[in-house]
Amino acid sequence: MSVKENLASILQTIPSHIKLVAVSKTMPNAAIMEAYDAGQRHFGENKAQEIIRKQQELPSDIQWHFIGHLQTNKVKFIAPFVGLIESVDSLKLLREINKQGEKVERIVPCLLQFHIAEEETKFGLDLSEAKELLNAIEKEKMQNIHIKGVMGMATFTENEDQVRKEFKQLRKYFEIIKDEHFHGKDGFNEISMGMSGDYLIAIEEGSTIVRIGSSIFGERNYTK
Ligand SMILES: *Cc1c(COP(=O)(O)O)cnc(C)c1O
């Protein structure tokens, strides 16, 4: 199946109010353009160098989502154009995004990445760390950052109950933060959860953004 066909069949399974991010990491520009020509505008990348290069080479109306671990020294390169940084996981990173946002006169949209999986290696915050970040935004009056919601990755497992439990947990974190930090305010509405293997469960558990790579573009070949 082609990228275009894959995309069409996935879109059929996603309610129209849910945003599909086509995760194009490691994929060539030609594959991205195939999805673009089929109408896809949101793409996700997890390496700073790669997102910078692709942003320069590809159409300017693409919304680029940064979904990987972001080093603070790379923020200045992506702050001018990034559509959503989905992976804010430290105060140091948050401060740097705000600083670089100020420099380019942008309010940079961000999600707080939570650690919900069993695996030790996955980055992300717990609830108390997330609250610390939100308190710092208020206390330090960071005006060039807009926290729009939360993001998380479930454990890579066949066990659907486990995955569902983790998505429920992320949803709960979202509700708690919305209640405690955004009560009566607009703009905190996004729950980014669900990948190729688990997005249908994520949608059932309240996802508003799904990030799908291999089901659209095929398996990634990291050795190339
Ligand atoms: C690679 C990646 C995805 C997409 O994974 P697939 O299984 O290929 O759909 C989603 N989210 C993040 C954070 C990723 O790194």
Side-chain angles (χ1 to χ4, degrees), residues 1-14 18-28 31-32 34-35 40-52 54 62-71 74 78 82-90 93 109-125 148-160 162-164 166-167 169-171 173-174 190-224:
M1 288 240 285
S2 66
V3 167
K4 190 179 166 188
E5 286 167 326
N6 290 339
L7 190 60
S9 69
I10 286 166
L11 281 170
Q12 276 183 351
T13 65
I14 300 177
I18 292 175
K19 194 173 291 158
L20 169 62
V21 176
V23 176
S24 50
K25 60 190 186 196
T26 79
M27 295 298 160
I32 297 176
E34 203 181 330
Q40 180 66 26
R41 289 295 179 272
H42 291 262
F43 291 88
E45 294 284 340
N46 69 344
K47 295 267 186 330
Q49 270 187 329
E50 195 174 344
I51 200 172
I52 293 159
K54 287 176 173 172
I62 288 180
Q63 292 278 323
W64 292 102
H65 291 234
F66 194 84
I67 61 171
H69 184 63
L70 182 55
Q71 290 174 290
K74 300 284 166 54
I78 74 165
V82 71
L84 185 63
I85 299 176
E86 298 206 16
S87 45
V88 174
D89 61 359
S90 75
L93 177 59
C110 294
L111 303 180
L112 297 177
Q113 181 175 356
F114 277 85
H115 180 97
I116 53 170
E118 275 188 339
E119 290 114 331
E120 277 294 327
T121 53
K122 286 182 183 163
F123 292 99
L125 304 160
K148 297 187 76 172
V150 302
M151 182 270 239
M153 283 167 92
T155 304
F156 190 71
T157 171
E158 299 280 299
N159 184 344
E160 283 195 13
Q162 169 85 22
V163 169
R164 188 180 297 279
E166 291 169 0
F167 287 149
Q169 185 63 249
L170 185 60
R171 168 91 187 254
Y173 291 146
F174 169 81
E190 305 289 1
I191 306 176
S192 176
M193 59 186 186
M195 315 189 354
S196 291
D198 57 21
Y199 75 94
L200 291 173
I201 303 173
I203 289 172
E204 285 171 7
E205 297 305 331
S207 177
T208 67
I209 300 174
V210 292
R211 310 176 309 271
I212 300 182
S214 44
S215 293
I216 297 173
F217 296 108
E219 292 302 321
R220 286 177 290 276
N221 182 354
Y222 285 103
T223 57
K224 253 197 303 202

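Keep in mind that this is a model prediction, so the values were computed, not measured. Counting starts at 1 for both ligands and their atoms, in listed order.
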Per-atom contacts, ligand 1 versus R220 - under 4.0 Å to a heavy atom: 1 (C), 5 (O), 6 (P), 8 (O)
Check: Q162/T157 side-chain N/O donor and acceptor closer than 3.5 Å: no
Ligand-side contact atoms (ligand 1) for residue partner R211, heavy atom cut-off under 4.0 Å: 4 (C), 9 (O), 10 (C), 11 (N), 12 (C), 13 (C)
Which residues share a ring pair (Phe, Tyr, Trp, His ring centres under 6.0 Å) with F66, sequence neighbours left out: none
Aromatic ring pairing H42/H65, orientation class (parallel under 30°, perpendicular over 60°, tilted between): perpendicular
E86, portion touching ligand 1 at heavy-atom distance under 4.0 Å: neither
Ligand-residue contact atoms, ligand 1 with I212, heavy atoms, under 4.0 Å: 9 (O)
Listed partners of S9 passing side chain to side chain donor-acceptor pair (under 3.5 Å), at least two apart: none
side-chain hydrogen bond (donor to acceptor under 3.5 Å, both in side chains) assessment of T13 paired with Y199: CA-CA 10 Å; T13 65; Y199 75 94; 2.7 Å; yes
Atoms of ligand 1, numbered as shown, that sit under 4.0 Å from any heavy atom of S196: 6 (P), 7 (O), 8 (O), 9 (O)
Polar proximity ligand 1 side, S215 side, N/O cut 3.5 Å exclusive: no
Which of the ligand 1 atoms, numbered from 1, are nearer than 4.0 Å to a heavy atom of G213: 4 (C), 6 (P), 8 (O), 9 (O)
Cationic N near anionic O, under 4.0 Å, E205 to R164: yes
